[in-house]
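Worksheet for the structure shown next.
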Amino acid sequence: MEWLNTSIDWLTLLFQEWVVVYFQMLPEALQTVILIVLKIVVIMVPLMLSVAYLTLAERKVIGSMQIRMGPNRVGFFGYSLAGFGQPIADAVKLMFKEIIIPTGANKYLFLTAPLLSLGPALAAWAVLPFGEGIVLAEVNAALLYVLALTSVGVYGVIIAGWSSNSKYALLGTMRSAAQIVSYEIAMGFALVGVLMAAGSLNLGEIVNAQRGDYGIVSWFFLPLFPLFVIYFISGVAETNRAPFDVAEGESEIVAGFHVDYSGMAFAVFFLAEYANMILIAALTSLMFLGGWLSIFPASWIALVADIPVLSWVVGDGIHWFFAKMSFFLLLFLWFRATFPRYRYDQIMRLGWKVFIPITIVWLLLVGVFVIQGWFGLGAA
Amino acid sequence: MPEIRNYTLNFGPQHPAAHGVLRLVLEMDGEVIQRADPHIGLLHRGTEKLAEYKPFNQSIPYMDRLDYVSMMCNEHGYVLALEKLLGVEAPERAQYIRVMFDEITRILNHLMWLGTHALDVGAMTMFLYCFREREDLIDMYEAVSGARMHAAYYRPGGVYRDLPDRMPRFKKSKYIDDKKVALLNESRGGSLLDFIEDFTNRFPKLVDEYETLLTDNRIWKQRTVDIAIITPENALQLGFTGPMLRGSGIEWDLRKKQPYEVYDKMDFDIPVGTNGDSYDRYLVRVEEFRQSNRIIKQCVEWLRNNPGPVMLDDHKLTPPKREDMKGDMESLIHHFKLFTEGYTLPKGEVYAAVEHPKGEFGVYLVTDGANKPYRLKIRAPGFAHMAAMNEMTQGHMLSDVTTVMGTMDVVFGEIDR
């Protein structure tokens with residue numbers, strides 16, 4: 001054990017004397033950039049891995065709902081491990097496929113569209129807090145930023161369908177545009193409710209506004225229940241997932257907006273869809289289910305504060321955030337296995353005639369709640 | 001100002017919802033269908049012409065391949081026409097077997113329809129649930145005829161052989177262990193009749209399960225209610241038959257109105273719709289699941305208690321026993337003649353129709369006294385339904401085209417023949 005201690009000491013020394021010293025010798029601007037890039041990597045790598053394994057989870061979960069097995073062949077080193085290598089095999093396959101660009105397509109827009117789709121889905125993560133103060137960019141207008149970015153994502157879909165120069169793709173685009181105008185508004189109103197209740201646009205503060213003495217009961221999903229449901233349903237519509245997958249409409253317009261995409265260009269759309277699902281799940285948990293807050297009342301947490309592992313499990317922490325996200329992701333998959341697809345005029349009717357009126361009425365009620373001081377911040 | 005024009009969309013033949021090889025040329029105004037023009041014939045195999053060059057019995061397997069999801073019902077129509085012209089009737093046990101397998105086929109067909117219809121509308125789980133039950137039904141086909149799909153089981157003068165006493169069982173292999181084998185063989189312990197009876201006991205609950213997923217589902221209702229309404233008058237004029245006609249509220253079923261085989265001894269009801277929309281046709285077909293189940297139960301009950309021949313003893317028409325052929329010259333000659341030349345039908349013409357799962361499946365046969373038909377015309381129910389495509393989709397949206405195709409229950413094997 002002697003040698004181990006020495007080597008650890010030596011490594012620590014190396015880090016302090018060399019890495020830190022050299023790092024501090026760099027110009028300050030560069031230091032900031034490097035730190036930010038490192039933080040981005042720390043967020044992006046697990047995110048992309050989750051995206052990859054969400055596809056496997058989807059196939060497994062839907063498989064079990066449909067009395068079949070889902071992928072169970074590809075594994076590592078000769079062990080199938082319940083198909084654990086499948087996402088990686090899929091990625092490798094897609095990378096080696098040719099990206100076919102249709103003759104009549106606008107090449108630049110055609111190739112820009114997937115990036116426009118994926119970019120916002122990833123950029124939104126910059127303002128998402130994972131725990132108390134654990135956030136890449138502490139932005140005070142985070143909610144507006146998120147709303148803006150999730151709306152930009154639809155341009156990817158619209159440009160993809162339009163630039164493909166195919167009738168089927170154009171139909172997908174048209175549906176997507178119609179869908180977005182009917183859902184963005186309901187979604188925005190739902191967020192206004194959160195904003196009024198929390199008194200802040202900062203996501204970290206929104207979570208902290210949900211902190212109460214009674215755990216789960218203090219979260220926003222109870223007083224804002226209709227907004228919570230509408231936000232999540234609009235989120236499903238925004239990510240083009242079943243039952244709102246009209247832009248893709250497999251049995252109607254084959255693959256809709258991405259019917260002409262192949263290889264990695266197609267894979268990027270795929271990644272964007274799943275990254276968006278995770279994003280919506282994260283946002284819903286932050287805004288309505290108290291993000292990283294524990295489900296248990298504060299008094300219970302205080303009770304087990306001295307027990308080593310239990311106190312960590314019961315207390316607030318990032319694991320609660322992940323558990324809540326997983327719940328919403330499961331809902332996404334469950335919807336897909338259960339529901340038939342809406343027709344796109346029916347989606348618009350639902351958006352305009354049901355969701356928007358409900359949100360407006362509930363916003364008035366939230367206003368009353370706030371004036372009455374039922375959110376704790378009303379007086380301030 | 002540029003002129004605003006409709007555009008045409010080529011829907012199929014390479015389309016996931018085209019049910020095989022339908023090519024629809026749609027004239028659309030945005031997403032709204034102005035005119036739908038079905039182009040058929042991509043699966044044409046010349047069945048009717050091929051039959052003119054073959055002894056009668058050799059055309060039976062072609063009938064399986066017409067509507068390839070309701071095989072035995074097609075055979076039934078053909079065999080019935082032959083028997084009608086020959087003036088023979090199958091033994092009673094054979095008639096019960098035919099009725100039982102007609103109804104098994106009806107469930108088989110409707111399961112396929114329900115699965116693909118739901119899949120077209122976007123509910124993909126239904127498809128796999130339906131195929132779970134289809135597997136059992138196809139095992140019944142396999143047990144009785146040796147083939148899982150194209151059975152060639154009905155013959156003029158009866159059925160090819162009696163029901164087996166032992167249902168084939170799963171064996172242990174590299175992929176299925178003892179526990180799995182026991183589970184798979186749970187209902188296969190006895191004869192085929194035991195297996196069928198077990199199925200009829202299980203099946204109503206499964207139909208309820210399908211209904212929980214769809215019948216009261218708001219999205220399913222939004223997608224099917226008031227889609228492709230066909231009034232009773234229209235349905236008659238368009239030549240609709242089967243569930244398409246009954247969905248419009250006309251109580252017409254050949255099994256009741258022109259009973260063939262032993263349908264007049266069966267106790268069952270004919271479901272009819274009220275509005276003639278896709279949802280009504282859905283309900284009609286789901287109810288037919290239950291009625292078919294009832295008929296199968298009655299057949300199983302009768303077949304258990306009444307053993308007997310399943311084939312006529314007339315060796316000019318049916319093959320002699322194998323063991324007779326070994327010692328009996330007459331039988332050997334009969335066998336040789338039957339499998340080379342076949343039999344001849346008296347000169348004349350005949351039309352026989354059965355209530356096929358999709359509607360009235362009719363066979364019109366003209367003979368000139370030879371061992372082959374002079375002309376064979378098949379009246380496929382799907383053809384008349386397909387012809388109503390324009391009528392049913394006009395004014396609806398593109399998404400409804402898939403619903404309409406689902407509700408028509410089209411199979412191109414019979415339409416293109």
Side-chain angles (χ1 to χ4, degrees), chain A residues 58-59 61-70 72-73 80 166-179 233 236-237 240-256 259 333-350 353-354, chain B residues 7-12 14-19 24 26 28 30-33 115-133 135 175 206 209 212-215 217-227 278 282 396-406:
Chain A
E58 165 162 51
R59 294 169 71 181
V61 168
I62 295 185
S64 69
M65 285 175 182
Q66 296 177 340
I67 43 168
R68 57 190 176 87
M69 279 190 252
N72 65 347
R73 283 289 172 269
S80 77
S166 148
K167 283 174 186 169
Y168 281 95
L170 191 65
L171 278 172
T173 293
M174 202 172 74
R175 290 173 172 199
S176 196
Q179 190 179 334
I233 295 177
V236 176
N240 280 326
R241 292 285 301 183
F244 304 103
D245 54 345
V246 288
E248 217 176 299
E250 197 185 338
S251 60
E252 298 146 20
I253 48 173
V254 196
V259 68
L333 309 185
W334 197 351
F335 287 167
R336 184 162 177 217
T338 313
F339 291 129
R341 183 182 304 115
Y342 269 109
R343 206 170 59 203
Y344 97 106
D345 60 319
Q346 290 164 350
I347 292 190
M348 289 176 70
R349 197 168 59 207
L350 188 70
K353 291 194 178 167
V354 181
Chain B
Y7 66 101
T8 46
L9 185 76
N10 215 357
F11 189 97
Q14 309 275 345
H15 190 284
H19 284 232
L24 260 183
L26 300 172
M28 317 227 304
E31 281 237 6
V32 182
I33 312 288
T116 50
H117 186 23
L119 189 68
D120 285 347
V121 180
M124 61 174 177
T125 308
M126 275 313 294
F127 186 71
L128 288 120
Y129 286 179
C130 290
F131 266 65
R132 174 183 57 187
E133 272 69 68
E135 188 63 26
Y175 305 104
L206 295 168
E209 198 181 302
T212 54
L213 264 175
L214 295 179
T215 304
N217 186 319
R218 296 170 73 103
I219 306 178
W220 177 257
K221 275 182 137 172
Q222 285 185 24
R223 288 297 306 273
T224 52
V225 173
D226 285 349
I227 300 296
S278 296
Y282 157 78
H396 287 307
M397 303 187 94
L398 180 62
S399 310
D400 299 325
V401 173
T402 57
T403 313
V404 169
M405 237 171 324

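Numbered from 1 within each chain, the chains take letters A, B, ... in sequence-line order.
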Under 4.5 Å heavy-atom distance to chain A, tell me which part of [X] shows up: side chain, backbone, both or neither.
| X | answer |
| --- | --- |
| B:Arg223 | both |
| B:Met124 | both |
| B:Val401 | neither |
| B:Met126 | neither |
| B:Thr8 | both |
| B:Phe11 | both |

Contact origin within [X] toward chain B - heavy atom pairs under 4.5 Å:
| X | value |
| --- | --- |
| A:Ala242 | neither |
| A:Leu170 | neither |
| A:Met65 | backbone |
| A:Arg336 | both |

A quick test of your reading: do over 12 heavy atoms of other residues, nucleotides or ligands sit less than 6.0 Å from CZ of B:Arg218?
no
If you count every heavy atom of other residues, nucleotides or ligands that lies below 6.0 Å from A:Arg68 atom CZ, does the total exceed 12?
yes
Mind checking the CG-CD spacing from A:Leu171 to B:Glu31? Nearest 0.5 Å is all I need.
5.0 Å
Without hydrogens or angle criteria, can the side chains of A:Arg175 and B:Ser399 be said to hold a donor-acceptor pair below 3.5 Å?
yes
Kindly give the heavy-atom pair with the smallest separation between [X] and [Y], and that separation in Å.
| X | Y | result |
| --- | --- | --- |
| A:Tyr168 | B:Asn10 | OH-O, 2.6 Å |
| A:Tyr344 | A:Ala178 | CE1-CB, 3.5 Å |
| B:Met397 | A:Arg343 | SD-NE, 3.9 Å |
| B:Gly115 | B:Cys130 | N-SG, 3.7 Å |

Leading residue by heavy atom contact count with chain A [cutoff under 4.5 Å; candidates B:Asp120, B:Leu214, B:Leu119, B:Thr403]:
B:Asp120
